[in-house]
Amino acid sequence: MVRLIPFLFLMYVIAFLDRVNIGFAKEEFQAHAGISEAAYALGAGLFFIGYALFEVPSNLIMTRVGARWWMCRIMVTWGLISAAMSLVNSEFLFYLLRFLLGVAEAGFFPGVILYITYWVPHAYRARCNALFYFGIPLASVLGAPLSGALLELDGAAGFLGWQWMFAVEGLIACVVGVWAFFYLDDSPAHAKWLTEEQRTTLQAALDAEDEAKTGPHRLLSALVDLRVLYFCLIYFLIQCSVYGMTFYLPTQVSEAVGSEVGLLVGLVTAIPWTVALVVNIVVNTAADRLPQPKKRFVAAACVAVGSVGIAASAAFSNPVLAIAGLSVAAAGYIAVQPVFWTFPAAYLTGTAAAAGIGLINSLGNLGGFVAPVAKTWIESTLDSDAAGLYLLALCGFAAAALFLTLTKSEDPARTANPQAIRTPKNLNPN
């Protein structure tokens, strides 16, 4: 955990920032590049079309070439494309680069979720996922002020503020991508920083859990498995809520505090994500102490509370109450996702895990395409800015209901051969 999770978390901070930094540049970007509100919503969502199309192939390639090669490729190519966003001067180029950014980044997130299963036994997985998910709130806690500060470089060296933001943050991804090639190991067997006894013990625990899993083991079986498709639907609804909030969060904060998007708004935007940081690790550490079937109640509660928060942010005009609602929403929506990923990870193994996790993430992330478009449409149809947020809240409540209807599944950490799986104390002599 000490060796891998912080670095994976750093990668996700950069990935999420490059994915959503367009929200910070929204107004200036639209004005200077000639992007209409409808075009912005479409372009923001096109990322997820390219992302969805190449998720499963990307995950399968990673199982063949290894994580360090593939993660390096993903980060360098998405960094270059993100930096190229600084050159956008038409709606067509905006659409093209957002689509290509999705293609380039496809496989990063499900690849990391799969990669964690290569290293982390089930009893630790929710908290490891939670630490990795720190990347989402930290992308805003650290990234919001950074993006705001870069926007205020407007005019420096003849470049606009939003051009500085895209270029600098894209090039950061390229640097970390090259670093990943030299830092990551493909599996415990390649980890020279572990002793031989540690490698053997860890691999025995992981192999025993894989043998105890009840889900499909083959690629095609995973793609048509009903439980996997059910996971896809739940994740889709969660992502509708998450990205519908994320893409417009800086704008909402700007309206709440009565200030243009800049450093001040960036700092205030960091408040909801700071709350999410704390709630995320507390909830998921507690979830790891529960058997797998009971984790569905934790997940349902998280997404329901998040939906209450986003609805409250729309209902209250008072800035303090609105920010409080957004903080509750961010906490609930971030905390639910690490718990969610323990379900497919406990069910799938082998090639089926690579394909199934890729499929869940790809179809689920289409919520990032649907949410901005649906939010804009319902607000225009009902002539109400709050209507879009209420729609996102409904998606979250639907996800909570689906969690509660999940049929009970076996917990591989409890059904595996107890001779093969060591206790946490034996895995960590300290």
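In this chain, numbering begins with 1 at the start of the sequence shown.
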Please round to the nearest 0.5 Å and tell me the distance separating atom [atom1] of [X] and atom [atom2] of [Y].
X: Ser187; Y: Tyr115; atom1: OG; atom2: OH; answer: 8.0 Å
X: Gln239; Y: Cys232; atom1: CD; atom2: SG; answer: 12.0 Å
X: Ile238; Y: Gln337; atom1: CD1; atom2: CD; answer: 6.0 Å
X: Cys240; Y: Leu394; atom1: SG; atom2: CG; answer: 11.5 Å
X: Leu184; Y: Leu4; atom1: CG; atom2: CG; answer: 7.0 Å
X: Trp70; Y: Asn59; atom1: CH2; atom2: CG; answer: 10.5 Å

Got a donor-acceptor contact below 3.5 angstrom from the [X] side chain to the [Y] backbone?
X: Arg64; Y: Ile61; answer: no
X: Asp288; Y: Arg127; answer: yes
X: Thr117; Y: Leu114; answer: yes
X: Ser241; Y: Ala393; answer: no
X: Glu55; Y: Pro110; answer: no
X: Thr405; Y: Leu402; answer: yes

Less than 4.5 Å apart, any side-chain heavy atom of [X] and any of [Y]?
X: Asn129; Y: Thr342; value: yes
X: Tyr51; Y: Leu366; value: no
X: Ser327; Y: Ile271; value: yes
X: Lys375; Y: Leu391; value: no
X: Val283; Y: Val298; value: yes
X: Met85; Y: Arg98; value: yes
X: Thr77; Y: Leu100; value: no
X: Trp119; Y: Asp185; value: yes

Q) Is it the case that Arg3 places NZ or CZ above or below the six-membered ring of Tyr183, under 6.0 angstrom from the centre and within 45 degrees of the axis? A)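 So Arg3 does make the cation-pi contact.
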Q) In this structure, which one of Ile113, Leu131, Asn284 forms a side chain to side chain contact (heavy atoms under 4.5 Å, CB included) with Pro338? A)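 Testing each of Ile113, Leu131, Asn284 against Pro338, the sole residue satisfying side chain to side chain contact (heavy atoms under 4.5 Å, CB included) is Asn284.
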Q) Phe340 and Ile234: side chain to side chain contact (heavy atoms under 4.5 Å, CB included), yes or no, with the steps? A) CA-CA 9 Å; Phe340 167 82; Ile234 294 175; 4.0 Å; yes
**Q.** Stepwise side chain to side chain contact (heavy atoms under 4.5 Å, CB included) test for Ile310 and Tyr333
**A.** CA-CA 10 Å; Ile310 203 169; Tyr333 290 150; 3.6 Å; yes
Looking only at heavy atoms, what is the nearest atom pair of [X] and [Y], with distance?
X: Leu60; Y: Thr63; value: O-OG1, 2.5 Å
X: Ala353; Y: Leu348; value: CA-CB, 3.7 Å
X: Gly111; Y: Met62; value: O-CE, 3.4 Å
X: Leu206; Y: Pro121; value: CD2-N, 3.7 Å
X: Ile81; Y: Ala104; value: CD1-CB, 3.7 Å
X: Gly107; Y: Ile74; value: C-CD1, 3.9 Å

Q.
Can you tell me which residue among Trp179, Phe182, Phe181 is in a ring pair (Phe, Tyr, Trp, His ring centres under 6.0 Å) with Phe7?
A.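 By the ring pair (Phe, Tyr, Trp, His ring centres under 6.0 Å) criterion, Phe7 pairs with just one of Trp179, Phe182, Phe181: Trp179.
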Could you tell me how the ring of [X] sits relative to the ring of [Y]: parallel (under 30°), tilted (30 to 60°) or perpendicular (over 60°)?
X: Trp78; Y: Phe108; result: perpendicular
X: Tyr40; Y: Phe94; result: parallel
X: Phe343; Y: Phe403; result: tilted
X: Phe109; Y: Trp341; result: tilted

Q: Decide side chain to side chain contact (heavy atoms under 4.5 Å, CB included) for Val279 and Val282; before the verdict, give the C-alpha distance in whole Å, the side-chain angles of both, and the deciding distance to 0.1 Å.
A: CA-CA 5 Å; Val279 173; Val282 170; 5.9 Å; no
(Q) With no hydrogens and no angle check, just 3.5 Å: does a side-chain donor-acceptor pair link Ser82 and Glu169? (A)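 Distance-only check fails for Ser82 and Glu169.
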**Q.** Stepwise side chain to side chain contact (heavy atoms under 4.5 Å, CB included) test for Arg68 and Asp186
**A.** CA-CA 6 Å; Arg68 68 192 193 105; Asp186 291 335; 3.8 Å; yes
